[in-house]
Each structure stands twice: as C-alpha cells, then as structure tokens.
Amino acid sequence: LGLPRQAWVYDVSNACLGLLNGAVQIAMMIESGLISAGIVVGTENSRGLMESTIQSLNADHSLTRKSIKGAFASLTIGSGACAWLLVDRRQFGGAPIDFAVAIANTQHSQLCTSDTDQAGTAMQPLMETDSEKLLEMGVQTGAEAFELLLAESQLTPQSFGSSVSHQVGHVHRKLILDRLGLPIEQDYATFSWLGNTGSVALPTALAVALENDQIRRDLPTAMLGIGSGINSVMISALMDGVRVNTIDRSQ
C-alpha cells in the first residue's frame, strides 16, 4: 500500500465488533493529533467453520433437535472483506463520526464460544452458541449501549435518518429495532444474501446501503454493533461526503 514505515500496524479482535473497534481506535488517534489518517481492514472466511461444523454433525449419529441447536448459528455464517479509511476532516474534509460508545456484559461470554483458537486448528474451529439466550442478552446489551449513545449525543431515536445493525437474521433485527424505537423501514440489511459475515457485516451492509442510496446523508446514521462477549459498540455518524466502492464476489 506504500504506507510509511512509521505507520502503526496491529491487530484488533473482538468477535463481531473488530472492525468497529478498529475504526473507533483510529478516530481517537486522529482526534488526539497522533495521525491524520488510518485504515482498518478485516476479513471473515466462513469455509473453515462451515466445513468443520458439517463434518462434526455428520459424524454424530446421536443428534437430537435439542443437541443440534448449538451448531445452528455456525451454519448461517458468510464470508466477506472490508476496508474502512478514516481521515482528519480538518485536513481532508469528509463526514464526521460524531459519537461512539461501548458497553460490555462479559458475564455472558459463555453464550458463544469456540473450541479453540483458529490458528491452532488449521482454521477449522467449532463454535457452540446458545442462540436464544444470546439473542435475549444481546438485545439487552444493545439497548444499554443505545441509551448511552443517546445520552452522549443528546439525540433521540427520531433524530436518526438511517440505521445499520449487526447482520444476524430477521428475528434479531426486528427485536433490536423495536427495543430501540427505530423504524425498520429506515434500516438496511444484507444477511438474507450474505449471511452473518462477522466483524465485517455491519460496515459491509453500510457500504452497500450507501452505494444503493438507502442511507439518509443529511441526518445521523446509527451503527448498532453487537457481538458475543457480550459487547456492544454503537456509533452516530453523518454520511454526507462518504465515498464507497463495493465489489460483489458472491458464489
């Protein structure tokens, strides 16, 4: 990329919030004056998890309706990649990230777990998810984060022209939007054709929405990040002046 050798290069990992965490970190470094621009890059490859899950299910001849539920979330995972460039608007212009907040409810970390680190399993992990409890506690955590975002920004749910949340499924989307008082008509989703692409799901959905003119650029957009852990990161930003370039390689 031709980046200078003095550039900060490091990894950020936080389940489905890695891209948002990276973006907020870069934004804070820009605001502090340490850097004038930064790029956060992420990828999600579903093949390893999907193949190991299917192999495990096929090998277990004692499966029941109850025992298979822990593997169901693994079968909805998709693949994707995203790069998000952030710059100092005082130098380069562009739309601002106005507010970002985080809430951690780590007492629920056991609701979505991997058998081991991917690097130690040749990228063939297995994941166990209590989908129903994770949904309940995730919505609760998201509601706490949104309440904090409103308090920090002095906005109301009606202030937002658009919203994009973590891409899980129809039930999660409806529950979180109803809980936060945001109209589903102003929300954009990609899970029906991309699946849950993990940490790149929200920014990818945002990029596709912007490219298809599905985002109000004159009003704040709510980015509603929720990930296992359970953690939530939510951002309020104006999209006026944001440029996107999406490449579809769906197969």
Side-chain angles (χ1 to χ4, degrees), residues 3 7-46 77-89 94-109 111-114 117-119 125 127 134 137-149 152-153 163-168 172 176 180 190 194 196-207 220-239 242 244:
L3 298 174
W8 290 80
V9 181
Y10 57 95
D11 295 328
V12 176
S13 178
N14 187 15
C16 295
L17 295 172
L19 259 290
L20 293 188
N21 281 136
V24 172
Q25 288 187 25
I26 288 173
M28 290 191 294
M29 293 171 75
I30 291 173
E31 288 295 316
S32 73
L34 180 63
I35 61 175
S36 58
I39 186 169
V40 54
V41 180
T43 62
E44 292 286 350
N45 180 6
S46 66
I77 301 298
S79 297
C82 177
W84 187 350
L85 174 67
L86 298 100
V87 301
D88 188 340
R89 64 180 180 272
I97 291 179
D98 290 315
F99 299 94
V101 300
I103 289 288
N105 278 334
T106 54
Q107 68 270 28
H108 302 301
S109 60
L111 297 179
C112 183
T113 59
S114 178
D117 182 73
Q118 286 200 23
M127 188 170 70
L134 185 64
M137 293 297 101
V139 170
Q140 178 179 311
T141 304
E144 293 177 31
F146 192 63
E147 183 178 341
L148 180 60
L149 181 67
E152 292 283 340
S153 64
S163 66
V164 181
S165 61
H166 179 54
Q167 306 294 302
V168 180
H172 177 275
I176 190 65
L180 304 186
T190 58
L194 286 179
N196 177 0
T197 54
S199 63
V200 305
L202 193 156
T204 298
L206 177 62
T221 293
M223 300 181 220
L224 313 172
I226 302 173
S228 57
I230 294 173
N231 294 286
S232 179
V233 172
M234 295 195 175
I235 297 172
S236 169
L238 280 171
M239 295 294 114
V242 173
V244 297

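What's counted below: heavy atoms across the whole structure, side chains too, no hydrogens, waters or symmetry copies.
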Exercise for the section: Could you walk me through whether M28 and V24 pass the side chain to side chain contact (heavy atoms under 4.5 Å, CB included) test, one step at a time? Expected result: CA-CA 6 Å; M28 290 191 294; V24 172; 4.1 Å; yes
Exercise for the section: To the nearest 0.5 Å, tell me how far L180 CG sits from M234 CE. Expected result: 5.5 Å
Handout entry: Point-to-point distance, once rounded to the nearest 0.5 Å, from CD of E44 to CD1 of I77
Key = 8.0 Å
Exercise for the section: Answer yes or no: is there a side-chain heavy-atom contact under 4.5 Å between V244 and L206? Expected result: no
Problem - Check against side chain to side chain contact (heavy atoms under 4.5 Å, CB included), H166 and N196 - result: CA-CA 8 Å; H166 179 54; N196 177 0; 3.2 Å; yes
Exercise for the section: Quick one: do M137 and N105 satisfy side chain to side chain contact (heavy atoms under 4.5 Å, CB included)? Show the steps, please. Expected result: CA-CA 9 Å; M137 293 297 101; N105 278 334; over 6 Å; no
Practice task
Grab the two heavy atoms, one from A27 and one from L86, that are nearest each other, plus how far apart they are.
Solution key: CB-CD2, 4.5 Å
Exercise for the section: Using modelled atom types only, decide if a donor and an acceptor are shared between the side chain of S79 and the backbone of S46 within a distance under 3.5 Å. Expected result: yes
Handout entry: Distance (rounded to the nearest 0.5 Å) between D88 CG and L34 CG
Key = 12.0 Å
Completion exercise
d(L202 CG, S163 OG) to nearest 0.5 Å is 9.5 Å
Handout entry: Contact summary for V164 and A205, nearest pair of heavy atoms
Key = CG1-CB, 3.7 Å
Exercise for the section: Check whether any side-chain heavy atom of I230 lies under 4.5 Å from a side-chain heavy atom of Q140, and answer yes or no. Expected result: no
Handout entry: Evaluation steps, side chain to side chain contact (heavy atoms under 4.5 Å, CB included), between Q167 and T204
Key = CA-CA 10 Å; Q167 306 294 302; T204 298; over 6 Å; no
Exercise for the section: First locate atom OG of S199, then atom CG of L20, and finally report the distance between them rounded to the nearest 0.5 Å. Expected result: 9.0 Å
Problem - Which atom of G225 lies closest to which atom of L17, heavy atoms considered - result: C-CD2, 3.5 Å
Problem - Any pair counted as side-chain hydrogen bond (donor to acceptor under 3.5 Å, both in side chains), so long as it reaches residues 21-32, sequence neighbours left out - result: Y10-Q25, N14-N21
Practice task
Drop me the distance from S153's OG to D98's CG, to the nearest 0.5 angstrom.
Solution key: 8.5 Å
